[in-house]
2 protein chains.
Amino acid sequence: MLDAAAEVVRTDGVSGLTLDRVAEVAGVSKGGLLYHYGTKRELVLAMLDRTLTDADETLDRLADESGRTDGAFAHAYLEYVTSGMHGEDDGAAGIFAAAALEEGDLSPAQAQFARWQERLLDDDGIDPTHALLARVVGDGLWLIDLFGLAPPSPDQREQLADLVMDLIERGMGSSLT
Amino acid sequence: MLDAAAEVVRTDGVSGLTLDRVAEVAGVSKGGLLYHYGTKRELVLAMLDRTLTDADETLDRLADESGRTDGAFAHAYLEYVTSGMHGEDDGAAGIFAAAALEEGDLSPAQAQFARWQERLLDDDGIDPTHALLARVVGDGLWLIDLFGLAPPSPDQREQLADLVMDLIERGMGSSLT
DNA sequence: AACACTGTACTGGTCAGACGGTTTTTGGCC
DNA sequence: GGCCAAAAACCGTCTGACCAGTACAGTGTT
């Protein structure tokens with residue numbers, strides 16, 4: 001059902017996110033939809049929650065797989081948006097819907113981003129400014145993809161990520177030179 | 001009237017952007033509002049257009065004032081989002097509204113961002129990857145502010161901007177070392 | 001008998017846009 | 001400068017569409 005809701009946002013936009021439409025795409029009656037999510041707000045919050053949970057798990061996994069001791073999370077953060085692994089199944093639909101609809105409540109997203117930021121700045125073993133750079137670059141690419149605002153090519157993205165990771169590796173142990 | 005519309009988005013959110021409300025805030029009747037903008041879509045597109053035009057002019061001015069020959073536009077781009085000069089009078093209300101409402105059409109924004117990107121990469125006299133970095137950092141900060149996703153402190157922003165500008169200045173004439 | 005739905009019909013509220021009317025401004029003519 | 005018609009700017013109400021949420025009687029499954 002959350003998949004269906006995300007798909008509706010992708011195809012019809014946030015304003016097309018109606019209970020009827022979600023039910024239709026999910027292959028469920030409206031009654032059945034409302035049986036699980038008593039209100040539209042609940043549905044949107046569930047979308048948001050799933051988006052954040054998925055992203056968090058993916059970041060964890062990527063950080064793990066990177067095999068680094070320092071900068072693992074920064075690397076994961078960049079990798080997440082550099083490769084087109086987000087935006088596929090549900091992407092930013094949850095966040096976007098929550099932000100646009102009055103029934104939304106972005107505070108879970110704000111808390112999640114604050115947690116990521118904390119982890120980057122305090123626990124990733126790299127220069128805080130470099131950590132912030134990784135975060136902002138990641139978020140920037142995400143925004144650009146979300147709105148399709150002249151997205152850079154995969155090559156450009158990779159060079160950009162390499163540049164930032166180079167910086168981070170070089171800057172370890174010392175503040176910015 | 002566009003000011004009023006932007007204010008409504010800021011206070012009531014995108015879903016609160018109704019013709020009645022805009023008219024009320026603008027001190028105009030609904031009829032009067034519709035006299036100028038025949039449809040809501042027109043209103044939203046006008047908001048978007050003004051947002052983009054304002055930003056473009058501000059960037060021009062900032063680039064001019066920077067007194068640089070190379071990296072002037074990159075510097076302006078960073079300065080624009082580092083200092084809180086955006087988001088005050090209308091901010092991203094136009095873009096956000098255009099994106100969220102089905103009556104929106106983001107293509108003017110996409111074109112504008114493409115133009116900025118071109119100017120940064122091709123005409124700013126700096127390494128293209130560094131230029132892209134400036135752009136993505138700028139957009140990232142803008143997104144973070146838009147949604148209030150754990151915005152960095154002014155100090156952090158400044159350090160970040162300094163870091164990027166340092167990189168750009170150091171990298172002039174040579175590719176990334 | 002509880003659960004997980006379906007399908008239909010309805011309510012109440014909201015909102016974009018249409019429309020007919022009214023005021024204000026403008027420009028031409030004496 | 002005074003007058004006047006026509007155009008422009010603006011008003012307020014009405015309507016039709018849409019949509020969240022309700023209600024409820026039925027169906028199949030466990």
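Below, read A as the first sequence line, B as the second, and so on, with proteins coming before strands; counting in each chain starts at 1.
Each of B:D139, B:V136, B:L143 was compared with A:L141 under the side-chain contact (heavy atoms from CB on, under 4.5 Å) criterion, and only B:V136 meets it.
A:K30 contributes a side-chain N or O that forms a donor-acceptor pair with the base of D:dG21 under 3.5 Å.
A:D12 places its CG atom 10 Å from the P atom of D:dC19, with the value rounded to the nearest Å. Residue A:L43 contributes atom CG, which lies 14 Å from atom C1' of D:dG21 at whole-angstrom precision. Regarding A:L34, its CG atom lies at a distance of 11 Å from the P atom of C:dT6, rounded to whole Å. At whole-Å resolution of the value, CG in B:L101 and P in C:dC15 are 12 Å apart. One atom, OH of B:Y35, and another, C1' of C:dT25, lie 11 Å apart when rounded to the nearest Å. The nearest whole Å value for the distance from the CG atom in A:L33 to the C1' atom in D:dC19 is 13 Å. We find that NE2 of B:H36 is positioned 12 Å from C1' of D:dC11, with the value rounded to whole Å. A:Y37 places its OH atom 15 Å from the P atom of D:dG21, with the value rounded to the nearest Å.
No donor-acceptor contact under 3.5 angstrom links the side chains of A:D20 and A:T18, judged on distance only. For the residue pair A:D155 / A:S153, no side-chain donor-acceptor distance below 3.5 Å is found, with atom types taken as modelled.
Residue B:S29 places no side-chain N or O under 4.0 Å from the OP1 or OP2 atom of D:dG12.
Within the structure, side-chain hydrogen bond (donor to acceptor under 3.5 Å, both in side chains) contacts touching residues 114-125 of chain A (residues at least two apart or in different chains) are A:D56-A:W116, A:D60-A:R119, A:Q112-A:R115, A:Q117-A:R135.
Between A:F113 and A:W142, the two ring planes are tilted [angle within 30° to 60°].
The stretch residues 14-24 of chain B comes close to DNA chain C through B:L17, B:T18, B:L19, each having a heavy atom under 4.0 Å from the strand.
Linking ILVMFWY side-chain heavy atoms closer than 4.5 Å, directly or via other members, places A:L52 and A:L45 in two distinct hydrophobic clusters.
Residues B:K40 and B:L34 have side chains not in contact (no heavy-atom distance under 4.5 Å, counting atoms from C-beta outward).
Side-chain proximity of B:V28 to D:dC11, D:dA9, C:dT6: nearest is D:dC11.
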